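As the structure is a computational prediction, the values presented were derived from the model and not from experiment. Throughout, protein chains are lettered first and strands after them, A, B, ... in sequence-line order, and every chain is numbered starting at 1.
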Protein chains: 2
Amino acid sequence: MSLPDKRGRIDHRAPRLLWQQVCDDLRADMDAGVLAPDARLPAEPDLAEQYGVSRDTIRRAIQELVGEDRLVVLHGRGTFVTPRE
Amino acid sequence: MSLPDKRGRIDHRAPRLLWQQVCDDLRADMDAGVLAPDARLPAEPDLAEQYGVSRDTIRRAIQELVGEDRLVVLHGRGTFVTPRE
DNA sequence: CCCGATTTGTGCGTATGTATC
DNA sequence: AGATACATACGCACAAATCGG
């Protein structure tokens, strides 16, 4: 077992900030249904490894998506795709 | 009851990363038979205290050794030396 | 069956140092 | 000078799994 490699989705030389690129990719996965409502994301350190960025960058991206009501973070449990009402 | 002091095995000023030093020490104990197959390691907070490092550092070391198939981690039970086949 | 202790899982917040743009 | 990003490391709080009384 190994983590899916998502480094190819991030361009470290692009003019767009890394955390925004992570946002874009997570949004795309949610829109495509790869990340369904109520689904739990991998842990922050795991996401950092998958995307090949730091945990700091992952946290910024998550913070943004929480502000957009697309993710919900539960302390000690994990980060989840916002459930359908 | 008191925990064995393993702080002397860790050099906070060495060029080698702390979690790698912990890895080295755990590997040495396994190779020497001090940690036999199926043996349970002390809990993560206890290891952290023994080595004088954070639990985070201990977990990184454990994660590495799991990747090497030398340790097995069981939620709610403990961390064990990989059994012989 | 319930309760508490133990242990791992996860996230929160922060700090330091380095490198790059 | 400042913002962005990385890597490492620390301590803490809360959640979930397991086990024993």
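B/Arg9 has no carboxylate O lying under 4.0 Å from a charged side-chain N of B/Asp24, or vice versa, which leaves the two without a salt bridge. Between A/Lys6 and A/Asp29 there is a salt bridge, since at least one side-chain N of the basic residue sits less than 4.0 Å from a carboxylate O of the acidic one. Residues A/Asp5 and A/Arg7 are paired through a salt bridge, judged by an N-O separation under 4.0 Å between the basic side chain and the carboxylate. Here A/Asp31 does not pair with A/Arg27 in a salt bridge; the nearest charged N to carboxylate O distance is not below 4.0 Å.
Positionally, the nearest nucleotide of DNA chain C for A/Leu41 lies more toward the 5' end than for the other of A/Leu41 and A/Asp56. Nearer the 5' end of DNA chain D, as judged by each residue's closest nucleotide, is the contact made by B/Leu18, out of A/Gly76 and B/Leu18.
Note on A/Arg59: every side-chain N or O is 4.0 Å or more away from OP1 and OP2 of C/dG11. The phosphate of C/dG11 has OP1 or OP2 within less than 4.0 Å of a side-chain N or O from A/Thr79. The side chain of A/Trp19 places no N or O atom within less than 4.0 Å of a non-bridging phosphate oxygen (OP1 or OP2) of D/dT4. Checking the phosphate oxygens (OP1, OP2) of C/dG11, no side-chain nitrogen or oxygen of A/Arg77 falls inside 4.0 Å. For D/dG11, the OP1/OP2 oxygens have no side-chain nitrogen or oxygen of B/Arg55 closer than 4.0 Å. Proximity of B/Thr57 to the phosphate of D/dC10: a side-chain N or O atom is located under 4.0 Å from OP1 or OP2.
The side chain of A/Val73 lies closest to C/dC12 when the candidates are C/dC12, D/dC10, C/dT7. Checked against C/dT8, D/dC10, C/dG11, the side chain of A/Glu44 finds its nearest nucleotide in C/dG11. In this structure, the nucleotide among D/dA7, D/dT4, C/dT8 sitting nearest to the side chain of A/Leu17 is D/dT4. Across D/dA9, C/dT8, C/dG11, the shortest atom-to-atom separation from the side chain of A/His75 is found for C/dG11.
Here C/dT7 presents its C1' atom at 14 Å from CD1 of B/Ile58, a figure rounded to the nearest Å. One atom, CG of A/Asp11, and another, P of C/dC21, lie 13 Å apart when rounded to the nearest Å.
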